[in-house]
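The structure appears below as structure tokens.
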Amino acid sequence: MPKDSSGGLRVLTFLHSFAPGGVERVALRLVRHWRANGMDAPLFLGRETGAMRDEFADIAYEVPRQPRVSQASWETLWMILMLPAAIRRLRPDVLFVAGSTYTIVAVAMTLLLGRKCPPIVVKVSNDLARRDLNPLGRFFWRAWLHIQARCAHSWVVMDESMVPELPPVMARRGHVVHDPAISAAQLLPPRDPRSTGPRRFVAVGRLVAQKHFALMLRAFARAVQPGETLTIFGDGPERAALEAQAATLGIADRVRFAGHVADAPARLGDYDVLLMSSRYEGVPAVVIEALAAGLAVVSTDCGAGLRSLLGQGRFGTIVPQNEVLLAEAIRTAPLASPERETLLESLRRFTLERSAQAYWALFEGAAAAGRTGDRPVRLEQEASA
């Protein structure tokens with residue numbers, strides 16, 4: 001695909017698939033917004049399957065010829081094998097890495113393509129401190145961050161609170177672009193909260209170990225009051241085990257596993273309280289969406305981004321990852337988020353309209369630096385030094 005004759009900037013985004021995830025949803029919304037504003041933003045997918053495919057059916061993309069055996073279980077290796085050819089063909093000025101789970105692909109591109117690799121801009125989508133790991137695990141995690149840091153021109157964190165967590169080699173090329181989780185149209189005036197009646201709890205996320213839904217279910221079982229319910233939007237490998245756990249806890253009639261839905265943010269207004277029990281997060285988009293919809297939020301302490309987003313507890317309840325404390329927070333959760341006007345002002349920084357433009361400005365800077373040879377130290381250069 002040749003570049004347009006205007007010589008405009010081309011930014012390539014790559015994703016494994018349309019499988020549901022916060023990183024993927026935000027990336028697809030950014031691509032859609034950039035294209036709607038006349039920007040050259042190709043999208044490369046490892047495979048064209050996933051629950052979000054219909055939701056983003058308007059977005060054109062490229063996909064390689066598929067192998068005989070599904071690559072879902074080895075999608076990272078598949079992307080490493082397929083992406084170099086796409087980069088050579090599309091000739092992007094910048095490669096956008098949409099989340100932390102994709103940084104291993106970025107490292108591989110610097111090794112495989114060398115100086116022919118375009119400048120890379122990485123969005124840090126998860127908590128960097130990883131206090132959920134034991135000391136040995138954190139040692140290896142920090143070592144991996146140091147390796148990653150050598151591959152990118154720019155590292156983007158989603159909130160100012162995450163900047164101190166950047167290793168020095170990342171911080172030198174660090175930038176803040178707030179997570180574009182909502183549109184300006186979602187910043188609505190205060191809704192009239194219900195003053196009585198059983199509370200309707202909701203949770204949204206992939207049913208995987210990081211989200212720790214097992215802890216949520218145990219705490220909810222301790223705290224649930226007559227008539228109260230919990231709806232969980234999302235799917236994943238832990239679903240069967242979680243459904244069995246709900247039955248064992250005696251709350252199967254109170255908990256609804258709704259699976260993946262295309263319009264979960266639009267449905268949040270039907271509920272009163274968002275629950276989150278993650279072990280670690282960056283700046284969780286679902287919390288931004290819930291606050292914008294007027295919900296109260298109860299969450300485990302899963303990172304600096306979450307604490308900043310909730311105003312250190314001003315806009316929601318934050319508790320340690322402890323079943324008893326989480327249950328008590330659920331038991332006393334209000335029916336609506338407090339200080340609505342102040343909260344809306346805080347949420348304006350997370351709008352797609354603001355962040356999409358901020359990203360594009362970063363891409364322009366990275367492309368200009370790439371043309372002048374101002375690039376980060378490559379892994380192969382460091383090894384030979």
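Since the model is a prediction, treat every value here as computed from it, not as a measurement.
At a threshold of 4.5 Å between non-hydrogen side-chain atoms, the residues E62 and P42 do not count as touching. Two residues are said to be in side-chain contact when any heavy atoms from C-beta on lie closer than 4.5 Å; M79 and T76 fail this criterion. Residues F363 and M39 fail the side-chain proximity criterion, which asks for heavy atoms closer than 4.5 Å. Here the side chains of D159 and H178 are in contact, with some heavy-atom distance below 4.5 Å. Contact check for S161 versus R307: no side-chain heavy atoms found under the 4.5 Å cut-off. Side-chain atoms of T13 and L30, non-hydrogen and from C-beta on, never get closer than 4.5 Å to each other. With contacts defined as side-chain heavy-atom distances shorter than 4.5 Å, the pair V287/S299 does not qualify. Contact of the P118 side chain with the D93 side chain is not registered, since no non-hydrogen atoms from C-beta on lie closer than 4.5 Å.
Residue pairs that meet the ring pair (Phe, Tyr, Trp, His ring centres under 6.0 Å) test with at least one member in residues 43-70, sequence neighbours left out, are F18-Y61.
The minimum heavy-atom distance linking P180 with S355 is given by the pair CB-CB, 3.6 Å. Between A293 and L268, the shortest heavy-atom contact is CB-CB, 4.1 Å. Closest non-hydrogen pair, T300 versus P320, comes out as CG2-O, 4.2 Å. Across V121 and A366, no two heavy atoms sit closer than the pair CG2-CB, 4.0 Å. Residues A181 and A285 come closest through the heavy atom pair CB-CB, 3.6 Å. Taking both residues in full, the closest heavy atoms of R354 and R349 are given as NH1-CA, 3.8 Å, listed atom of the first, atom of the second, then distance.
Judged by distance alone, with hydrogens and angles left aside, the side-chain atoms of S100 form a donor-acceptor pair with the main-chain N or O of S125 at under 3.5 Å. For R254 (side chain) and A221 (main-chain N/O), no donor-acceptor pair under 3.5 Å exists by modelled atom type. Not one N or O on the side chain of E328 forms a donor-acceptor pair closer than 3.5 Å with the backbone of L325. Of the possible donor and acceptor atoms, one in the side chain of T110 sits under 3.5 Å from a partner among the backbone N and O of V107. Proximity of a side-chain donor or acceptor of R199 to a complementary backbone N or O of Q225 within less than 3.5 Å is not detected. In this structure, R173 contributes its side chain and A149 its backbone to no donor-acceptor pair below 3.5 Å. Side chain of Q245 to main chain of A214: a donor-acceptor pair is present (N/O by atom type, distance under 3.5 Å, no hydrogens or angles). E48 places no side-chain N or O within 3.5 Å of a backbone atom of V63 that could act as its donor or acceptor partner. For Q210 (side chain) and Y280 (main-chain N/O), a donor-acceptor pair under 3.5 Å exists by modelled atom type. A distance-only check finds no donor-acceptor pair linking the side chain of R47 to the backbone of S17 [under 3.5 Å].
Judged as a salt bridge (Lys or Arg N to Asp or Glu O under 4.0 Å), and not counting sequence neighbours, R35 has no contacts. With sequence neighbours left out, S278 forms a side chain to side chain donor-acceptor pair (under 3.5 Å) with E281. With sequence neighbours excluded, the residues that form a salt bridge (Lys or Arg N to Asp or Glu O under 4.0 Å) with D58 are R32.
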Inset, instruction - Determine, stepwise, if the pair V105 / V97 fulfils side chain to side chain contact (heavy atoms under 4.5 Å, CB included). - result: CA-CA 9 Å; V105 179; V97 179; over 6 Å; no

Legend entry - Chi angles and distances behind the side chain to side chain contact (heavy atoms under 4.5 Å, CB included) call for L291, L274: CA-CA 9 Å; L291 291 173; L274 176 83; over 6 Å; no

Inset, instruction - For H16 and W78, run side chain to side chain contact (heavy atoms under 4.5 Å, CB included): C-alpha distance rounded to whole Å, both residues' side-chain angles, the deciding distance at 0.1 Å, then the answer. - result: CA-CA 9 Å; H16 291 315; W78 176 250; over 6 Å; no

Legend entry - Test side chain to side chain contact (heavy atoms under 4.5 Å, CB included) applied to F350 and L309, step by step: CA-CA 10 Å; F350 296 104; L309 181 56; 3.7 Å; yes

List the atom pairs, with distances to 0.1 Å, where a side-chain N or O of residues 231-242 and a protein N or O form a donor-acceptor pair under 3.5 Å, not counting sequence neighbours.
from : atom 1 : to   : atom 2 : distance (Å)
D235 : OD2    : R239 : NH1    : 3.3
E238 : OE2    : A209 : N      : 3.4
R239 : NE     : E243 : OE2    : 3.1
R239 : NH2    : F257 : O      : 3.0

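Hydrophobic cluster membership for L136: F139, F140 (Ile, Leu, Val, Met, Phe, Trp, Tyr linked by side-chain heavy atoms under 4.5 Å, directly or transitively).
Once rounded to the nearest 0.5 Å, the distance linking CD of E289 with CG of L347 reads 11.0 Å. From L15, atom CG reaches atom CD of E75 across 10.5 Å, with rounding to the nearest 0.5 Å. In this structure, OG1 on T49 lies 8.0 Å from CD on Q66, to the nearest 0.5 angstrom.
Residue-environment remark: CG (L249) exceeds the threshold of 12 foreign heavy atoms within 6.0 Å.
A side-chain donor-acceptor contact under 3.5 Å links E24 and Y102.
Here D272 pairs with R200 in a salt bridge; the nearest charged N to carboxylate O distance falls below 4.0 Å.
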